[in-house]
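Handing you a structure now.
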Amino acid sequence: MKATPLRTHPAARCRPLMRVLMVSTSYPRDASDWRGIFMAYLAGALARADQVQLALWAPPGELHACAAFATSPREADWLSGLMARGGISHWMRTQPLAGLAAAWRLLRLLRAAYRRLTDVDIYHINWLQCALPLPDNGKPALITVLGNDMKLLRLPLMRAALRRAMRGRKVAICPNARWMDAPLRAAFGDVATVIPVVFGIDPLWYAIERDIRAGEPRRWLAVTRLTANKLGPLFEWSEPLFRDGARELHLFGPMQENIAVPAWVHYHGSATPEQLAGEWFPRAHGLVTLSRHAEGRPQVMLEAMAAGLPIVASRMPAHADIVADGVTGALCDSAAAYADALRALEDIGTNRRFGAAARAWAAREIGTWDDCAGRYVDIYRRLLGRDADA
């Protein structure tokens with residue numbers, strides 16, 4: 001991949017109003033790569049916005065024609081290696097010393113990139129840690145926050161370092177779920193504006209037509225990275241309900257820890273969105289997640305709801321922010337509640353009613369990635385004092 005200078009990127013002919021440098025340590029290599037896929041959707045939507053000239057500092061991949069990579073070849077090579085290792089959070093969790101060294105290297109690369117890329121009106125920074133090396137130039141910043149970022153704030157001196165990076169500029173901190181609003185206001189409310197912004201959903205999911213029928217296998221899907229926290233009690237609670245074969249649990253996602261998958265689970269490894277949308281979502285009774293992970297607003301849950309799938313989820317703030325218990329799915333805090341939820345949603349009429357409610361909620365509250373880009377563009381204008389441009 002060859003980096004394209006900001007001054008010559010293809011959107012320049014459109015006489016853009018806002019030059020945005022977006023930073024992300026995750027980005028998919030191509031359409032078949034599941035890693036960081038939401039960043040590709042977001043970058044594409046922002047590139048389509050006629051008020052934005054987008055430059056992206058991220059691992060190499062396929063990018064919309066009206067945007068440009070701002071990553072140097074050396075930076076792109078290192079970020080590709082980071083993606084291959086599962087990302088900075090996974091690296092630090094599994095190999096703390098090597099991960100800490102990698103985090104330091106990442107901050108050094110970002111510091112050099114921020115100093116090199118000066119032809120920018122506003123920074124769009126994904127994940128709090130990427131804001132640490134911001135230059136002292138007064139340019140505004142929009143900083144997104146996912147659930148995993150909240151753990152970062154527990155590290156010694158982290159809040160002080162982030163507050164220092166925000167000093168002297170307008171900052172909007174944008175968590176992707178409302179449950180993070182209060183703790184972020186408590187930490188940064190005097191130096192930044194906290195504005196929750198939900199991500200979008202690709203129209204692919206809204207277009208799915210479900211076809212579940214009585215007498216066919218009762219298929220339930222779990223789509224997750226395979227770690228102990230992400231799986232939670234999934235195997236333990238599911239075994240008495242699935243091991244006789246009357247139900248089928250189909251598990252999708254990359255193996256990121258040494259997890260023993262029981263023989264009664266249908267484990268498929270990673271799957272592309274097209275595979276899930278075309279083959280699995282239409283015939284499934286619903287999506288199951290019993291995660292204990294520090295979730296933000298899990299994208300796969302939103303996509304499943306847009307497809308009309310009811311959700312059965314562990315009771316935690318991130319899930320309660322999405323699932324209306326008894327309306328679009330069920331929140332469970334015990335094996336018995338989990339079993340009751342599966343049985344209730346295996347009634348075809350109940351399932352279709354919950355699925356229709358889930359899709360209606362997703363369309364009303366989330367919308368598409370273009371809707372999400374519009375939410376960010378509105379914040380760009382506010383930070384730049386360009387409300388009159390709307």
Side-chain angles (χ1 to χ4, degrees), residues 1 3 6 21-29 35-36 38-39 55-61 69-118 120 123-139 141-169 171 173-175 180 183-184 187-188 191-192 225 227 229 254 256-257 293-294 296:
M1 182 213 72
L6 271 66
L21 174 62
M22 187 160 75
V23 170
S24 173
T25 57
S26 297
Y27 198 80
R29 180 184 62 255
R35 300 168 302 177
F38 69 97
M39 289 306 310
L56 178 64
W57 192 92
F69 276 107
T71 340
S72 72
R74 183 172 67 92
E75 292 162 349
D77 287 344
W78 190 84
L79 288 169
S80 291
L82 179 65
M83 288 290 288
R85 287 182 172 269
I88 197 71
S89 294
H90 178 68
W91 200 349
M92 292 187 70
R93 185 173 62 251
T94 56
Q95 295 179 285
L97 291 179
L100 187 61
W104 181 250
R105 176 73 187 280
L106 171 63
L107 294 179
R108 289 178 60 194
L109 290 176
L110 276 168
R111 184 185 183 200
Y114 287 141
R115 292 187 172 188
R116 181 180 78 247
L117 302 167
T118 58
V120 173
Y123 300 104
H124 184 141
I125 301 169
N126 290 283
W127 304 296
L128 281 168
Q129 66 269 24
C130 293
L132 288 171
L134 275 171
D136 186 17
N137 59 11
K139 293 185 178 181
L142 183 157
I143 307 171
T144 70
V145 182
L146 303 183
N148 222 27
D149 285 345
M150 302 305 288
K151 289 184 176 180
L152 182 76
L153 297 180
R154 302 174 193 166
L155 296 177
L157 304 178
M158 183 56 65
R159 291 191 186 194
L162 285 166
R163 290 171 63 87
R164 184 176 184 278
M166 297 175 193
R167 189 175 60 197
R169 71 178 82 241
V171 177
I173 299 176
C174 299
M180 291 181 269
L184 288 171
F188 305 110
V191 293
R225 293 182 286 112
T227 70
N229 281 340
Q256 291 199 332
E257 292 180 6
H293 185 73

Residues forming a ring pair (Phe, Tyr, Trp, His ring centres under 6.0 Å) with Y114, sequence neighbours excluded: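 Ring pair (Phe, Tyr, Trp, His ring centres under 6.0 Å) list for Y114, sorted by chain: Y123.
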Considering all heavy atoms, the nearest M83-T25 contact: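 Nearest pair, atom of M83 first, then T25: SD-O, 3.6 Å.
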Looking at every heavy atom in both L128 and L162, which two are closest together, and how far apart are they?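 It is O-CD2, 3.4 Å.
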Under the salt bridge (Lys or Arg N to Asp or Glu O under 4.0 Å) rule, collect the residues that match up with R167, sequence neighbours excluded.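 Result, salt bridge (Lys or Arg N to Asp or Glu O under 4.0 Å) vs R167: none returned.
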Roughly how far apart are C130 SG and I125 CD1, rounded to 0.5 Å?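 Answer rounded to 0.5 Å: 7.5 Å.
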Tell me the closest heavy-atom pair linking V191 and V171, and the distance in Å. O-CB, 4.3 Å
Counterpart residues, side-chain hydrogen bond (donor to acceptor under 3.5 Å, both in side chains), relative to R116 (two or more places apart):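 Partners of R116 by the side-chain hydrogen bond (donor to acceptor under 3.5 Å, both in side chains) criterion, ordered by chain and then number, come out as E75.
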Who pairs with R159 by salt bridge (Lys or Arg N to Asp or Glu O under 4.0 Å), at least two apart in sequence or on another chain?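 In terms of salt bridge (Lys or Arg N to Asp or Glu O under 4.0 Å), with neighbours along the sequence ignored, R159 is linked to no residue.
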Any side-chain heavy atom of L184 within less than 4.5 Å of one from M150? yes
Report yes if some heavy atom in the side chain of H124 is under 4.5 Å from a heavy atom in the side chain of V23; otherwise report no.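 H124 vs V23: side chains apart.
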Is any side-chain heavy atom of E257 closer than 4.5 Å to a side-chain heavy atom of N229?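 When only atoms from C-beta onward are counted, N229 and E257 do not touch, as no gap falls below 4.5 Å.
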Would you indicate whether the side-chain heavy atoms of R29 and P59 approach each other to under 4.5 Å? no
Has N126 got a side-chain atom pairing as donor or acceptor with T144's backbone, closer than 3.5 angstrom? no
Checking side-chain contact (heavy atoms from CB on, under 4.5 Å) for the pair F188/I143: CA distance, chi angles, key distance, verdict? CA-CA 12 Å; F188 305 110; I143 307 171; over 6 Å; no
So how far is it from L21 CG to K139 NZ, rounded to the nearest 0.5 Å?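 That separation rounds to 9.5 Å.
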To the nearest 0.5 Å, what is the distance between CE (M39) and OG (S26)? 8.0 Å
How close do M158 and L152 get, counting heavy atoms only, and between which atoms?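 Taking M158 first and L152 second, the nearest heavy atoms are CG-O, 3.4 Å.
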So how far is it from L82 CG to D77 CG, rounded to the nearest 0.5 Å? 12.5 Å
For A76 against P60, the heavy-atom pair lying closest together: O-CD, 3.6 Å
Do L134 and R111 touch side chain to side chain, with heavy atoms closer than 4.5 Å?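 No, too far: nothing below the 4.5 Å cut-off.
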Distance from Q129 atom CD to L110 atom CG, nearest 0.5 Å?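 That separation rounds to 9.0 Å.
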Backbone N or O of W57 within a donor-acceptor pair of the T71 side chain at under 3.5 Å? no
In chain order, what residues pass the side-chain hydrogen bond (donor to acceptor under 3.5 Å, both in side chains) check against Y27, with sequence neighbours excluded?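 Y27: no side-chain hydrogen bond (donor to acceptor under 3.5 Å, both in side chains) contacts found.
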Which residues share a salt bridge (Lys or Arg N to Asp or Glu O under 4.0 Å) with R163, sequence neighbours left out: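 R163 satisfies salt bridge (Lys or Arg N to Asp or Glu O under 4.0 Å) with D190 once adjacent residues are dropped.
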d(S72 OG, W78 CH2) to nearest 0.5 Å is 12.0 Å
Heavy atoms only: give me the nearest L107-P133 pair and the separation to one decimal.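 Scanning both residues, the minimum pair turns out to be O-CG, 3.6 Å.
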